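Data block below; observations after.
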Amino acid sequence: MASIIEKIEDHYRICDNLKNEAELNYYHEDASWTDLEKVKIFFFKNPYLDKETNIYDIYIKDSEERVGCIFPITAIESEDVKSNYLKNYLFLAFKALIEKIDIVDASKVLVSEYYDDNLFILVLHKETLEKLDSEFCINNYIFSFASYGFYYLDDLNKLESFMVYKAYEIDYFDYSKKKLKIADSVYPIIEKEQYIHSLFSELLRTDTNLLSRFILLYQVIELEIGKEQQEKIKLALDDFNHNRIQVNDLKERIGEASKEKSNIQSLFDKYIIEKTIKDNFYSECTSLFNDVKFSYRDDWCSIFYSLRNNLVHSYSNYIANKEALSRTILAFEKVIINLIIKIHT
């Protein structure tokens, strides 16, 4: 762990526990906030954004009061930042990142040289946060951040290589407003559902293979339709035990409960996906199917299920259409994120 020893003009002298020293450049004016106790700081990665100007104010739910902001590590070294509140956040992020450095290297003159370029820092003002969500837990918000392409880093010391997307894949994320509205969801406590948390905090950060990425995401569907199946069977058995149905009806209902497509339909009947997300998926997936001349039944649930069957059993038919496939899987990812938010909100 490193710490600041002193400020000398436009740089800070730092030192680690082994007494290694270095000087880090810092170009902003002195911040009025210097105490890390004023804020909560979290780290994310975003494969879609690569500019130092990708700075976004954070708002919780329907509140019009800014609770903080999220910005790339490169913003700390930008000389274009003008707002005083942002300078406070940048300095506290700079200070927090220094404290995360294990071994100081005198050859490095920027704090960003110790970390990956697509690292983003979320800084939240504690006092404001307390008013808006007194029981704030970052785990409850990771799905909302993932809907904007920000993937939570629960351990900053494990910075793996990150997937890289092309420009056409950024279209699904509207960053033009410079405001991100985040909403909490109930953190899955049941042990089996820890997979959902690890999916967005660990697995998706690094998986660049389109097929394996799809399979990882589809596991969320498998978990949820498993619950649908159990509920249907439970209701059928209850009806049978109370003599409301006959044995043949019981067999038929258990058989229906075992059909994956039927359970997918029940799932999306219960949790309504936002129209823009649903329409994007339909458009991208049908375009992909048309590219490979696959005949499909033209209803949303059938298309959803057909994508699963085609990628699992006939992936070789799609590898020549990488751009269309990549767009479709990104659209699928947004469906899964929106589903999780709907289920756990």
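As the structure is a computational prediction, the values presented were derived from the model and not from experiment.
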Original post:
Which distance, rounded to the nearest 0.5 Å, do you find between the CG of L325 and the OG of S287?
Top reply: 11.5 Å

**OP:** Compare all side-chain heavy atoms of N280 with those of L330 and state whether any distance is below 4.5 angstrom.
**Re:** no

**OP:** Could you tell me the separation between the OG atom of S107 and the CD atom of E113, rounded to the nearest 0.5 Å?
**Re:** 7.0 Å

Subject >> R66 NZ/CZ over Y85 ring centroid, <6.0 Å and within 45° of normal >> reply: yes

**OP:** Verify the ring-centre separation between Y148 and Y56: is it less than 6.0 angstrom?
**Re:** no

**OP:** Please say whether more than 12 non-hydrogen atoms of neighbouring residues, nucleotides or ligands are located less than 6.0 Å from CZ in R297.
**Re:** no

Subject >> L180, I182, I142 screened by side-chain contact (heavy atoms from CB on, under 4.5 Å) with F150, the one that passes >> reply: L180

Subject >> Closest approach of A22 to A106 (non-hydrogen atoms, all atoms of both residues) >> reply: CB-CA, 3.7 Å

Subject >> Charged tip of K342 within 45° of Y271 ring normal and under 6.0 Å >> reply: no

Subject >> Heavy-atom closest contact (A236 atom, I245 atom, distance) >> reply: O-CD1, 3.5 Å

**OP:** Decide whether N310 and Y318 meet the rule of one side-chain donor and one side-chain acceptor closer than 3.5 Å.
**Re:** yes

Original post:
Does a side chain donor of either K38 or N88 reach within less than 3.5 Å of an acceptor in the other side chain?
Top reply: no

Original post:
Just how far is it from atom CZ of F94 to atom CG of N25, taken to the nearest 0.5 Å?
Top reply: 8.5 Å

**OP:** Check the side chains of E77 and S112 for a donor-acceptor pair under 3.5 angstrom, ignoring hydrogens and angles.
**Re:** yes

Original post:
For the residue pair Y218 and F332, does the interplanar ring angle fall in the parallel (under 30°), tilted (30 to 60°) or perpendicular (over 60°) class?
Top reply: parallel

**OP:** Please report the shortest heavy-atom distance between L97 and Y115, naming the atom on each side.
**Re:** O-OH, 2.6 Å

**OP:** Identify the two heavy atoms, one from I121 and one from A93, that lie closest to each other, and give their separation to 0.1 Å.
**Re:** CG2-CB, 3.8 Å

Original post:
Name the one of E228, Q229, K232, E256 that satisfies side-chain hydrogen bond (donor to acceptor under 3.5 Å, both in side chains) with N263?
Top reply: K232

**OP:** State the CG-CD1 distance between N338 and I343, to the nearest 0.5 angstrom.
**Re:** 10.0 Å

Original post:
So F281 and F304, would you call those rings parallel, tilted or perpendicular, with 30° and 60° as cut-offs?
Top reply: tilted

**OP:** Classify the side-chain pair Q265/D269 by whether it contains a donor and acceptor separated by less than 3.5 Å.
**Re:** yes

**OP:** Only one of S266, S306, S302 passes side-chain hydrogen bond (donor to acceptor under 3.5 Å, both in side chains) with K261; say which it is.
**Re:** S302

Original post:
Hey, are N317 and Y315 close enough side-chain-wise for a donor-acceptor pair under 3.5 Å?
Top reply: no

**OP:** Give a yes or no on whether a salt bridge exists between E6 and R13, defined as a side-chain N under 4.0 angstrom from a carboxylate O.
**Re:** yes

Subject >> Verify same cluster id: L216, V312 (apolar side-chain graph, 4.5 Å) >> reply: no

**OP:** Please name the pair of heavy atoms, one in Y296 and one in F294, separated by the smallest distance, quoted to 0.1 Å.
**Re:** CD2-O, 3.3 Å

**OP:** Would you tell me whether S78 and E52 have side-chain atoms, one donor and one acceptor, within less than 3.5 Å of each other?
**Re:** yes

Original post:
How many angstroms lie between OH in Y26 and CD1 in I98, if you round to the nearest 0.5 Å?
Top reply: 9.5 Å

Subject >> Cation-pi check, K45 onto F120 ring (under 6.0 Å, within 45° of axis) >> reply: no

**OP:** Would you tell me whether D299 and Y305 have side-chain atoms, one donor and one acceptor, within less than 3.5 Å of each other?
**Re:** no

